[in-house]
Amino acid sequence: GGVPTTTTTTLPATNAGRPPFKNVHVLLTTADLCRAVAGSHCICCKSGKDRTSMAVTLEQTRALARDLGVLDEKHVCKLLRRHGVRRVNILANTHHDKYAFNAIQVKSLPRAYRPPAGTYSSHTPT
């Protein structure tokens with residue numbers, strides 16, 4: 001036999017026969033679990049700017065929806081990524097106001113972690 005696997009009904013099944021994908025629900029579910037047991041979790045990438053910004057703004061949006069009843073989560077997330085404090089953080093660290101992603105990187109990110117058009121550039125220092 002092979003390695004035993006476990007499944008949880010709250011997590012989506014893998015897409016057999018499709019290209020590999022990142023199961024974002026695992027990250028979101030574990031964040032929710034940490035919150036439910038009064039724990040905390042950390043979000044960071046190598047430089048603490050670009051992928052971290054995408055994850056932090058997603059978590060902020062989820063908190064606004066959960067705690068304040070914000071309805072249009074996608075719109076709010078785009079607004080935070082376009083005009084929010086994470087852009088100020090990037091400007092302070094790189095002297096550029098764009099996330100350091102190229103078009104190929106953006107396409108490879110899960111949809112929930114993609115920056116809005118016009119907010120990223122491959123010419124931004126990392």
Checklist entry - Is there a side-chain contact (heavy atoms from CB on, under 4.5 Å) between D50 and I90 once you walk through the steps? => result CA-CA 8 Å; D50 307 303; I90 290 170; 3.9 Å; yes

Checklist entry - Can you hop from V106 to V24 via hydrophobic side chains spaced under 4.5 Å? => result yes

Checklist entry - Can you tell me if NE2 on H75 sees more than 12 non-hydrogen neighbours from other groups inside 6.0 Å? => result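 Not buried by this count: 12 neighbours or fewer within 6.0 Å.
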
Item to check | Flag if over 12 foreign heavy atoms under 6.0 Å of CD1, I104 | outcome: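 It does not: I104 CD1 has 12 such atoms or fewer within range.
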
For a 4.5 angstrom cut-off between non-hydrogen side-chain atoms, does [X] reach [Y]?
X: L91; Y: V88; answer: no
X: K49; Y: T94; answer: yes
X: Q105; Y: N102; answer: yes
X: L58; Y: R81; answer: yes
X: F101; Y: S122; answer: no
X: T61; Y: L80; answer: yes

Item to check | salt bridge (Lys or Arg N to Asp or Glu O under 4.0 Å) partners for R35, two or more places apart | outcome: D32, E59

Item to check | Residue pairs fulfilling salt bridge (Lys or Arg N to Asp or Glu O under 4.0 Å) with at least one residue in residues 103-116, sequence neighbours excluded | outcome: none

Which atom names give the shortest non-hydrogen contact between [X] and [Y], and what distance separates them?
X: K98; Y: G118; result: NZ-O, 2.9 Å
X: T30; Y: L27; result: OG1-O, 3.0 Å
X: Y120; Y: P115; result: CD2-CG, 3.5 Å
X: C34; Y: S40; result: SG-O, 3.9 Å

Item to check | CG-CG distance between L33 and L28, expressed to the nearest 0.5 angstrom | outcome: 12.5 Å

Item to check | For R86, all residues meeting side chain to side chain contact (heavy atoms under 4.5 Å, CB included), sequence neighbours excluded | outcome: T52, S53, V56, T57, N89, Y99

